[in-house]
Structure formats: C-alpha cells, structure tokens
Protein chains: 2
Amino acid sequence: MKRFSESTVRRLSHYYRVLEEVHAEGQRMISSHLLAEREDITSAQVRKDLSYFGSFGRRGLGYNVEHLRTEIRAILGLDRRWRVALVGAGHIGAALLAYRGFRDQGFDVVAVFDSSAERVGKTLDELVVQDISKLPECGDIEMGVIATPVRAAQEVADMLVAAGVRGILNFAPRKLRVPEGVAVRTVDMTMEFESLSFALSQTRGKSRRRAGE
Amino acid sequence: MKRFSESTVRRLSHYYRVLEEVHAEGQRMISSHLLAEREDITSAQVRKDLSYFGSFGRRGLGYNVEHLRTEIRAILGLDRRWRVALVGAGHIGAALLAYRGFRDQGFDVVAVFDSSAERVGKTLDELVVQDISKLPECGDIEMGVIATPVRAAQEVADMLVAAGVRGILNFAPRKLRVPEGVAVRTVDMTMEFESLSFALSQTRGKSRRRAGE
DNA sequence: CGTTCCTTGTGAAAACGTTCACCTGCGGCT
DNA sequence: AGCCGCAGGTGAACGTTTTCACAAGGAACG
C-alpha cells in the first residue's frame, strides 16, 4: 500500500477546513491558487497533494467545492463515525469533552475512564466516568485519547491496544511503544513551548540590533 | 543567521527529556546510540543534530549527561524564564494553568485574560482573570497562549503582537497572520484526530485481510 | 607501547518533499 | 469555429533532511 507523507495529510485537513468555509460562503468552484492563498502553501503544492489521490479538478475551471469536499472527507475517513475512549478525566480530558467540534467531525467519545476514586462515578458531559479497570470491557472502540499523567501513559496505551484500539491521541510527553498497525499522534505542549523558546532565543534582538554582525 | 530545521529543534527537546531522565538515574555518560534508543531516532541523527550546535561528545566515551543537558538548555533558551500571557480562561486555558510542568521548564504564566464577564474577576490558579481590554497594559510579556474560540483568535493574536509578544502558542484551528519576527506554533487537535482517522482508514483490515492485493 | 574496542563527527549518498515549467483541456468571446 | 486565457496535472529540477560509512580520537589492557 502506498504511503503518503504526514505533511500531505495535514494539508488535506487544511484544505478541508478552507472548503468548509468556502462552501458556507456559497462558492461553487475554487482554484488551487485560491485554495493555497488562505494558508501559506503554493498552488503547485495543492495540486500535487490532491493528485496523489485522484484528479478532482477541471482544467480551466478549478475544483468543484462540494465535490472536492466530499472526496477529502472520504480520503480522511471523515465519512463515517469513530468511537473514541477518553482516558483521564482531568483538565485536558474535560477540555476535550467540552469541545463539540470533535463530535461534529465524526469523533464520538463514548466512554471516559480515570483511576482516581474522586473522579470515578462523576458525570462529565453526559458520560459517567468509569474506573480504568473497566476499560477492557468497554467494547468496540477504535481510538483512544490518553490525557493522563505521564507516568501512566504507557500502561494506558497497552490497555487501549489490548482493547483493540488502532489509533491513539497522546497528550503525555512521552513516546509510546505500540505494536505495528497502531497509529499514535502525540500532542506535546511542552515541546511547543520549547520550540518557541528556541525560536525567540535565535531571533533575539532582530529588531533591536541595528549594526554589526 | 543560520536556520535550523524544525525537526532538529523538536528532537533537541526529546534529547533534553531523555537527559533529564538519565540524569535522575545517576548516569554520567551516554552514547548517541543510547540517546537514540529511547525515541525512534537513529544514532547518526542524534550526532548530526548535536553537531549543528557544537562538539559536545568525546570519541570513545559518548556525551557527558550533565554537560550536554546544560548545553541543550542553553540552546533551547531554557536557561532563563519566560513571561507568558494566557488568553482564554476556558477548559484548555485552565488545563494549561493547572499543569505545573511549564513552570518547571521556565515558563511563567503571569497574566490571564478573557472576554467573558462570567470569568473575568474569578481567580484561576492564583491569578485573577482580567478583561481582555487590559491586555495592552500588562507589561513585559514575551509569549502568548491563545486558548480562545477560533473566531477570536486572529484578533487576540494582533493584540498580543501589539503588546510586544514575539512567540504565540495557538490552540485555535486557524492559521494566524503575524508580522515577521513573531513565531507561532499551532496545536490543532482536530487535525490530529483527522490524521489518525486517515491512518486508520488506510490500514483498515491490515490484520484482517489475508490474501490478495 | 601496541592492539583492540568503542564512539564521535562529518563528508557523501540516498531519500524525501517542494517548486518549477510546461502541456493539456476547458469555457468564453468574437 | 477558432482563438485566447485560465487552471489542473505532472515529470523534472531543486532543496532539504536523513542515513550511510568511515576516519580519527580515546580508553583499557596485556
């Protein structure tokens, strides 16, 4: 099976979002140039990305917004619903549950787990927080979200994999070991801060320093 | 000024984290191979990354943990403290404030803003939530975190830039327009979900499908 | 002191991703 | 109908990032 680059997939998400906007504005067609303009991407990149998956445009006209939107939905697997389990009912977990956007995109959080006796039994966004030990029994789950402290992350990942999960969104700042066939995406805010810190250290004084060097 | 790739900087963060662990374990020296092992990176990559910034190792011995740790701290700009303003006191904002890890790394959230009358005036993690209109007066801030609804994101970004911020961590799923010299890192959870969704759609049946294609 | 076993640092090569340039197809206009 | 201008698709060129492979430095040991 052909592999696509992570960057291409991320850009598809961008295109999809732009298409949603443009669709809402009632536009029928859109050119690769316009599609690119809203992000900082070149039109050639847009055409190349899309061409990996098919020929969706028409020469001289551009892309049909409605059609391309449907195609990208299908490519990204957004033309179905995904059953998601959330592990960790702390602040991050609660933030995720509160954000309706995921549900709108087809991601249904159907179970919430935590290990703290304080939180188990409480209701969070219409879901009763269950003890983590119940995870193996929770049935048909396709994705898991790890929003636990870092020390629990690997253990939770193992449990999720054992429960049949094939995709994990990990908020713990640690690389998870998972068997082949399980996809992991890690969101590491500390790393983002550090990346900013690096960038600011590098450019320090760019606007202040006038002469020399 | 030489530019370094984003991937290199991210890996530096990884190395730093590994070094913290190894340091805590009391190890004195570490080889590029061992440094690589904990992530899925090759040892050559580790050496190449580090060589961009200097020669920190000793042939035959590896890297001195304490020394390399100090060097990377300096490279990433973690040998100082950063003053951070948080805009948006909703779930994500609260989650960030609650996480002590940032403070430990040198990132001090010194002010919290929100536009909702409900939240302004409340105390969140020892900080009083101020009205967003007070942002311009908040003084020497180096970084901003945008944890607002997407519709407010660009406006808040403009305000932060006007207030002198040179680094923005953005949780809103939108590309921000900022002047040159301002660094932006966007954490887009919807995109991560979509990336997982794509990955799962691609490999569907990898373990189920036996023969053919 | 020489040999052996490690491990770094780094040019060179390979792989990968992005941009360029051009051909082709399509609608509109005369 | 024929011409013109626009815009997608795509091979080739280009640039960047990763991997390879090896020379050189260093410790240990007989």
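Hydrogens, waters and symmetry mates are skipped; everything else that's a heavy atom, side chains included, is used. Within every chain, numbering begins at 1; the chains are lettered A, B, ... in the order of the sequence lines, protein sequences first and strands thereafter. Note that this is a predicted model, so its numbers are computed, not measured.
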Polar atoms only, N or O, under 3.5 Å: list the protein pairs with nucleotides 27-30 of chain D and their distances.
none

Expected rows: protein N/O vs nucleotides 21-24 of chain D N/O, under 3.5 Å:
residue: D/dA21; atom: N6; partner: B/Arg47; partner atom: NH2; Å: 3.4
residue: D/dA24; atom: N3; partner: B/Arg59; partner atom: NH1; Å: 3.2

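Not one side-chain nitrogen or oxygen of B/Ser7 sits closer than 4.0 Å to the OP1 or OP2 atom of D/dT17.
Out of C/dG17, D/dT19, D/dG9, the shortest distance to the side chain of A/Ser55 is found at D/dG9. The side chain of A/Thr42 approaches C/dT19 more closely than any other nucleotide in the set C/dT19, D/dT19, D/dT10.
To the nearest angstrom, P of C/dC26 lies 15 Å from CG of A/Asn64.
Annotation: ring-ring contact (aromatic ring centres under 6.0 Å, His included) contacts involving residues 6-30 of chain A, sequence neighbours excluded, are absent. Counting only residues at least two apart or on different chains, the salt bridge (charged side-chain N to carboxylate O under 4.0 Å, His left out) pairs with a member in residues 142-152 of chain A are A/Arg80-A/Glu142.
When the salt bridge (Lys or Arg N to Asp or Glu O under 4.0 Å) test is applied to A/Glu66, the partners found at least two apart in sequence or on another chain are A/Arg69. The ring pair (Phe, Tyr, Trp, His ring centres under 6.0 Å) check on A/Phe193 picks up B/Phe102, B/Phe107, with sequence neighbours excluded. With sequence neighbours excluded, no residue forms a ring pair (Phe, Tyr, Trp, His ring centres under 6.0 Å) with B/Phe56. For B/Arg81, the salt bridge (Lys or Arg N to Asp or Glu O under 4.0 Å) test picks out B/Asp108, with sequence neighbours left out. Remark: B/Ser32 pairs with B/Arg47 by the side-chain hydrogen bond (donor to acceptor under 3.5 Å, both in side chains) rule, at least two apart or across chains. Residues passing the salt bridge (Lys or Arg N to Asp or Glu O under 4.0 Å) test with A/Glu37: none are found, sequence neighbours excluded. With sequence neighbours left out, the salt bridge (Lys or Arg N to Asp or Glu O under 4.0 Å) criterion links A/Glu6 to A/Arg185.
The residue A/Ser43 sits apart from the nucleic acid: no heavy atom pair falls under 4.0 Å.
The line from CG of B/Leu78 to CD of A/Glu194 is 5.0 Å long, rounded to the nearest 0.5 Å.
Taking a 4.0 Å limit (strictly below) on heavy-atom distances, residues 15-26 of chain B does not reach DNA chain C anywhere.
Taking 3.5 Å as the limit, the base of D/dG8 and the side chain of A/Lys48 contain no donor-acceptor pair of atoms between them.
Here the closest non-hydrogen pair linking A/Ala147 and A/Ile92 is CB-CG2, 4.1 Å.
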